[in-house]
Number of protein chains: 2
Amino acid sequence: MLAYFCFMGRIKTTNSQVTRREIIIEKAAILFKEKGFKAASMREIADVVGVEAASLYNHIKSKNELLNIICFDVANRYTQKMEEVESSKLSSLAKIENLLRFHIDGMINHFEEVYVSDREWKHLDNPYLSNMQNQRRTYRKRFAAIIEEGVKKKEIKKIDVATAVLIMLHAIGGIESWHRSTQKITGAALEENMISFLIDGLKKI
Amino acid sequence: MLAYFCFMGRIKTTNSQVTRREIIIEKAAILFKEKGFKAASMREIADVVGVEAASLYNHIKSKNELLNIICFDVANRYTQKMEEVESSKLSSLAKIENLLRFHIDGMINHFEEVYVSDREWKHLDNPYLSNMQNQRRTYRKRFAAIIEEGVKKKEIKKIDVATAVLIMLHAIGGIESWHRSTQKITGAALEENMISFLIDGLKKI
DNA sequence: AAAATAGGCTAACATTTGTTAGTACAAAAA
DNA sequence: TTTTTGTACTAACAAATGTTAGCCTATTTT
């Protein structure tokens, strides 16, 4: 009876639709977030998953593949969102608000992945590394272009566009400290507060 | 003659007042910034310094000591600045502006250290780790208190204080991408742009 | 000039790391 | 039922890492 209990042939899939692979990726993201990519070892990931390190390789190709998956999952979502927003008929200010809300949502609801994607992408190996660098650069340019357009159309007050992009995208990273804080306001409230702070800084009075 | 040239008994101190120890710390900071603390090896640091890895230990106790020095150098400067600002007679808004300018200056002129201190402190070992956690928590609280005071005195518009702190401190981290950008505006211009964006978000109209 | 010190070097170490090979068994397919 | 497949395990490896020991020489002090 006890022996039967201790036999653990495979990872528990229980009932859900989540594959073993996805569980591993999810746990890896949590660990990468907590300790950083380099400091998190395959043995630690395996521990959390409840398996030996070697067993992970039945589901993934390498440690770096885990990082690839996490990073490009996030990056592709952002690129897709950018396309959606660009081709919309919204005003520049509304476009920016839309993107900001998307970022804030991501930081709140997919914290680990987004955080890892943002802080650990430097550890990607080529060709993924240069790919990611391009994707990030391009994203910032497109974001800047939207602001620029708003300034030209006089929807947005005259500011240095590069500085605005830099502030907005990094400010959102601050949600990390909201996660860590013990006395959290709700996610929705945080979103409104951030939007009001960041968007009001753009509006013409 | 050639032999004489190749003998390198010690690190070149050249003429300046910088000790070998300080050179090592400086180079370490650069590498920690570029690759992250865990990914930067003692052998790499030694390479950059122009020496064998083992030789580093004539000047420092351990790799972690390097991180300690870098992190607490920065943290202590911030604590000191906070004390100076708190005990000044400035308005709340002016206090905040003062602190922000200090942060921005730090990010521009002591980039490597500040960046490392901010992103890699998690790799400190105890008791330094908990020490740093306290110092950071305390700093944010004092920063928040200043804003809170400004709100009470109606110098600052009614905003969520925690959100404001989070945005401001993280926005400054964005200066990293200014460093990486090829077409930089001047540091002074960046400072003014950031201040105007962040401080105008606080002002009552 | 002699002695002491500082600080370089080589060699080696114990760990930790990512990863592979080979084996065994449970579930699914035949 | 038999076969095949998926997935876990143990054992092991090579490489990389932080660090120490011991030696040797240039510089400094006496």
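Proteins get letters first, then strands, A, B, ... in listed order; numbering begins at 1 in each. Side chains are part of it too, since the values below use all heavy atoms of this structure and drop only hydrogens, waters and symmetry mates.
- Both A/R43 and A/E52 sit near DNA chain D, but only A/E52 has its closest nucleotide nearer the 5' end.
- Taking every side-chain heavy atom of B/K63 into account, D/dT19 is the closest of D/dT19, C/dT19, C/dC9.
- If you measure from atom CG of B/D47 to atom C1' of D/dT17, you get 14 Å, rounded to the nearest angstrom.
- A donor and an acceptor atom never sit less than 3.5 Å apart when one is taken from the side chain of B/R20 and the other from the base of C/dG7.
- A straight line from NZ of A/K61 to P of C/dT19 spans 8 Å, rounded to a whole angstrom.
- For the pair A/K81 and A/Y139, the cation does not sit on the ring face, since its NZ or CZ is not both under 6.0 Å from the ring centre and inside 45° of the axis.
- Here A/A46 lies out of heavy-atom contact (under 4.0 Å) with every strand.
- A salt bridge (charged side-chain N to carboxylate O under 4.0 Å, His left out) check over residues 178-194 of chain A, counting only residues at least two apart or in different chains, returns the pairs A/R101-A/E191, A/R101-A/E192, A/E176-A/R180.
- Between the NZ atom of B/K141 and the CZ atom of B/R136 there is a distance of 14.5 Å, given to the nearest 0.5 Å.
- Residue B/S55 has a polar side-chain atom (N or O) positioned under 4.0 Å from OP1 or OP2 of C/dC9.
- For the pair B/K63 and B/Y57, the cation-pi criterion (under 6.0 Å, within 45° of the ring axis) is not fulfilled.
- Atom CG of B/L56 is separated from atom C1' of D/dT19 by 11 Å (rounded to the nearest Å).
- Closest to the side chain of A/A54, out of C/dT17, D/dA21, D/dT10, is D/dT10.
- A straight line from OH of A/Y57 to C1' of D/dG6 spans 19 Å, rounded to a whole angstrom.
- The CZ atom of B/F32 sits 12 Å away from the C1' atom of D/dG18 (whole-angstrom rounding).
- Look at CE on A/M42: it is 7 Å from P on C/dG18, rounded to the nearest Å.
- The interatomic distance linking B/I24 (CD1) with C/dG7 (P) rounds to 10 Å, in whole Å.
- No side-chain heavy atom of B/I96 sits less than 4.5 Å from a side-chain heavy atom of B/E155.
- Residue B/A39 is classed as having no contact, given no heavy-atom separation below 4.0 Å to the nucleic acid.
- A donor and an acceptor atom sit less than 3.5 Å apart, one in the side chain of B/N58 and one in the base of C/dG8.
- Put simply, CD1 on A/I60 is 14 Å from C1' on D/dT7, counting in whole angstrom units.
- Taking only side-chain nitrogens and oxygens, B/H59 comes nearer than 4.0 Å to OP1 or OP2 of C/dG8.
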